[in-house]
*Asks:* 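For reference, the structure I am asking about is given below.
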Amino acid sequence: MLDIKLIREKPDVVRERLKTRRSAVDIADVLALDERRRAAITEADRLKSERNEVSKRIGALKKAGEDTSDIQRQTREIGEQIAARDAEIREIEETQRRLLLAIPNLPHDSVPEGGDASGNVVVREWGAKTEFPFAPKDHVALGEALGLFDFERAARLSGAGFPLFTGPGARLERALIQFMLDLHTTKHGYVEVSPPHLVTTATMTGTGQLPKMADDMYHLPADDLWLIPTAEVPVTNIYRDELIREPLPIKRVAHTPCFRREAGAAGKDTRGLIRVHQFDKVEMVRFVPPGTSYDALEELVGDAEAVLQALGLAYRVLLLCSGDMSFAAAKCYDIELWAPGHGGWLEVSSCSNFEAFQARRANIRWKTPEGRNEFVHTLNGSGVALPRLVVALLENGQQADGSVLLPDALRPYMGGLDRLTPRA
RNA sequence: GGAGAGAUGGCGGAGUGGCCGAACGCGCCGGUCUUGAAAACCGGAUCCCGCGCAAGCGGGACGGGGGUUCGAAUCCCUCUCUCUCCGCCA
């Protein structure tokens with residue numbers, strides 16, 4: 001949510017920057033509403049001040065034993081006017097909040113302008129794409145030969161898009177989760193949390209998934225709860241409606257399943273693990289003082305990259321352009337892994353600075369050293385998403401004999417196993 | 001699921017219709033004293049909104065929402081959450 005004061009004071013700047021997001025929203029309505037709202041508040045406050053004064057007088061008169069029924073009748077009328085004004089204010093504020101919730105965040109100055117993914121900028125690449133003396137297989141062929149997953153039987157359970165990991169595949173998932181959590185907690189200073197996977201509508205609104213993304217999420221109407229599409233939602237909302245007293249920055253890391261309906265992506269990447277309705281992810285979340293959030297974003301990207309470097313996987317980092325960023329982000333980097341079997345780059349991480357956008361929605365504040373209460377800046381980044389990491393691991397590690405070499409860093413988590421070998 | 005109790009400032013805890021943004025204690029900040037510290041004493045401290053260049057003025061907030069009343073922390077309704085007991089249960 002944008003600050004209404006910013007919209008009021010610098011409407012042209014806001015318009016300008018919103019335009020770069022391909023956002024169709026118009027702030028004229030919000031501004032008109034804001035005008036009406038303030039006028040109504042001024043009037044209501046004046047009436048209340050009047051009523052307070054008269055009420056005080058009634059108290060004094062009664063104490064003196066005088067009759068006050070006349071003056072009371074008059075005051076009742078003031079009360080009715082106040083009630084009407086308050087109702088008007090409430091209605092205006094509701095509408096205004098609804099409009100504000102639909103306005104995306106403003107892109108940071110350093111974000112390139114662009115309409116779609118073609119405007120994204122590669123800021124760096126790490127590692128060399130794996131070369132093969134044979135035609136590399138894709139992860140589906142490899143995984144089935146190695147007995148890592150079973151898509152056919154999985155479909156029997158939940159339909160398409162819900163993977164069933166089996167044997168060494170299930171262990172690989174567990175090993176990767178463990179490895180990533182250990183790395184972030186011991187090397188990068190995050191505190192591990194394990195949050196609920198079902199959350200309320202208020203929680204989904206706090207981070208910006210609702211109201212806009214309702215169709216992309218799983219909803220349980222009987223309890224009005226939502227399955228989380230990312231750990232960002234519960235972890236960021238841990239501090240909702242709070243004045244944080246502990247020192248910033250706060251750094252949290254969580255492993256959770258993520259549930260996505262992928263409503264708009266029907267027919268895309270339907271094969272294998274690349275686009276699924278349920279997957280596991282390790283997610284990093286930071287709450288930081290506003291002045292430090294862009295440094296924190298660079299660090300956060302580095303934390304995600306450290307995972308891939310430790311696993312020896314080639315990747316590139318993209319700076320997303322204004323038109324390709326998610327709704328709540330002010331600046332966002334994507335990290336993509338090279339997948340030779342797939343023959344392309346796969347997004348495994350998205351690291352964003354939301355500035356105060358989420359904090360304002362979710363009402364998360366801190367006390368500055370000067371003692372002022374101020375909205376924090378929130379950030380989050382995948383560190384990283386599992387299925388596509390598995391894809392890259394398999395496709396890059398494959399050998400001529402059909403086995404897959406595991407990175408050294410992972411072996412302790414695989415009971416010393418250094419490679420996955422095909423079933424007899 | 002059933003029965004009961006409760007929710008007040010950073011914490012504890014008073015307050016049952018006007019004198020309450022809220023006693024008192026702890027903690028916090030500033031000062032006096034001290035070589036320094038502690039103790040003691042004195043003083044100060046909530047947040048949100050509106051108006052105003054500002055000093056300031058006004059309004060609102062005692063879990064959330066609604067109601068009664070000239071006036072609500074206080075009375076009524078409702079929701080949420082917490083605690084205790086019973087039942088069920090991974």
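Chain naming here is simple, since letters A, B, ... match the order of the sequence lines and numbering starts at 1 in each.
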*Asks:* Is it the case that A/Q72 and A/T68 place a side-chain donor and acceptor less than 3.5 Å from each other?
*Replies:* yes

*Asks:* Looking at B/G58, B/C51, B/C49, which one has an atom nearest to any side-chain atom of A/S49?
*Replies:* B/G58

*Asks:* Would you say A/R8 reaches B/G50's phosphate, i.e. side-chain N/O to OP1/OP2 under 4.0 Å?
*Replies:* yes

*Asks:* With rounding to whole Å, what would you report as the distance between B/G13 and B/G66 at their C1' atoms?
*Replies:* 29 Å

*Asks:* Just compare B/G50, B/G60, B/C70 and give me whichever is closest to any side-chain atom of A/T42.
*Replies:* B/G50

*Asks:* Under the side-chain hydrogen bond (donor to acceptor under 3.5 Å, both in side chains) criterion, do A/Y413 and A/R174 qualify, and how do the steps go?
*Replies:* CA-CA 8 Å; A/Y413 296 96; A/R174 182 158 57 87; over 6 Å; no

*Asks:* Does A/R57 put a side-chain nitrogen or oxygen below 4.0 Å from OP1 or OP2 of B/G18?
*Replies:* no

*Asks:* Students often get this wrong, so: under 4.0 angstrom with heavy atoms, is A/R372 touching a base, only sugar-phosphate, or nothing?
*Replies:* nothing

*Asks:* Parallel, tilted or perpendicular: which one describes the rings of A/F149 and A/F165, with boundaries at 30° and 60°?
*Replies:* perpendicular

*Asks:* Applying the Watson-Crick and G-U wobble criteria at under 3.5 Å, what pairs with B/U84? Answer none if nothing qualifies.
*Replies:* B/A3

*Asks:* Between B/G18 and B/A72, how far apart are the P atoms? Round to whole Å, please.
*Replies:* 11 Å

*Asks:* Which value, in whole Å, describes the distance between the C1' atoms of nucleotides B/G12 and B/C28?
*Replies:* 15 Å

*Asks:* Check whether any side-chain nitrogen or oxygen of A/R46 sits under 4.0 Å from OP1 or OP2 of B/G58, and answer yes or no.
*Replies:* no

*Asks:* Between A/R76 and B/U69, does any side-chain N or O lie under 4.0 Å from OP1 or OP2?
*Replies:* no

*Asks:* Show your reasoning for whether side-chain hydrogen bond (donor to acceptor under 3.5 Å, both in side chains) applies to A/T378 and A/Q358.
*Replies:* CA-CA 7 Å; A/T378 59; A/Q358 291 181 330; 2.7 Å; yes

*Asks:* Between the base of B/G58 and the side chain of A/D45, is there any donor-acceptor pair under 3.5 Å?
*Replies:* yes

*Asks:* Would you tell me if any nitrogen or oxygen in the side chain of A/N363 comes within less than 4.0 Å of OP1 or OP2 on B/C48?
*Replies:* no

*Asks:* So does A/D34 pair up with A/R38, basic N to acidic O under 4.0 Å?
*Replies:* yes

*Asks:* If you look at every strand shown and take non-hydrogen atoms under 4.0 Å, does A/R90 touch a base, only sugar-phosphate, or nothing?
*Replies:* sugar-phosphate

*Asks:* Using the P atom as the reference point in each nucleotide, state the distance between B/G30 and B/A38 in Å, no decimals.
*Replies:* 11 Å

*Asks:* Using the C1' atoms only, state how far B/A14 lies from B/G21, rounded to an integer number of Å.
*Replies:* 15 Å

*Asks:* Just N and O in the side chain of A/R37: are any of them under 4.0 Å from OP1 or OP2 of B/G50?
*Replies:* yes

*Asks:* A/R245 has a side chain; which of B/G10, B/C47, B/G18 sits nearest to it?
*Replies:* B/G10

*Asks:* Tell which nucleotide pairs with B/C11, taking only Watson-Crick or G-U wobble pairs whose two distances are both under 3.5 angstrom.
*Replies:* B/G25

*Asks:* Of all the nucleotides listed (B/G18, B/G58, B/C51), which has the minimum atom distance to the side chain of A/S55?
*Replies:* B/G18

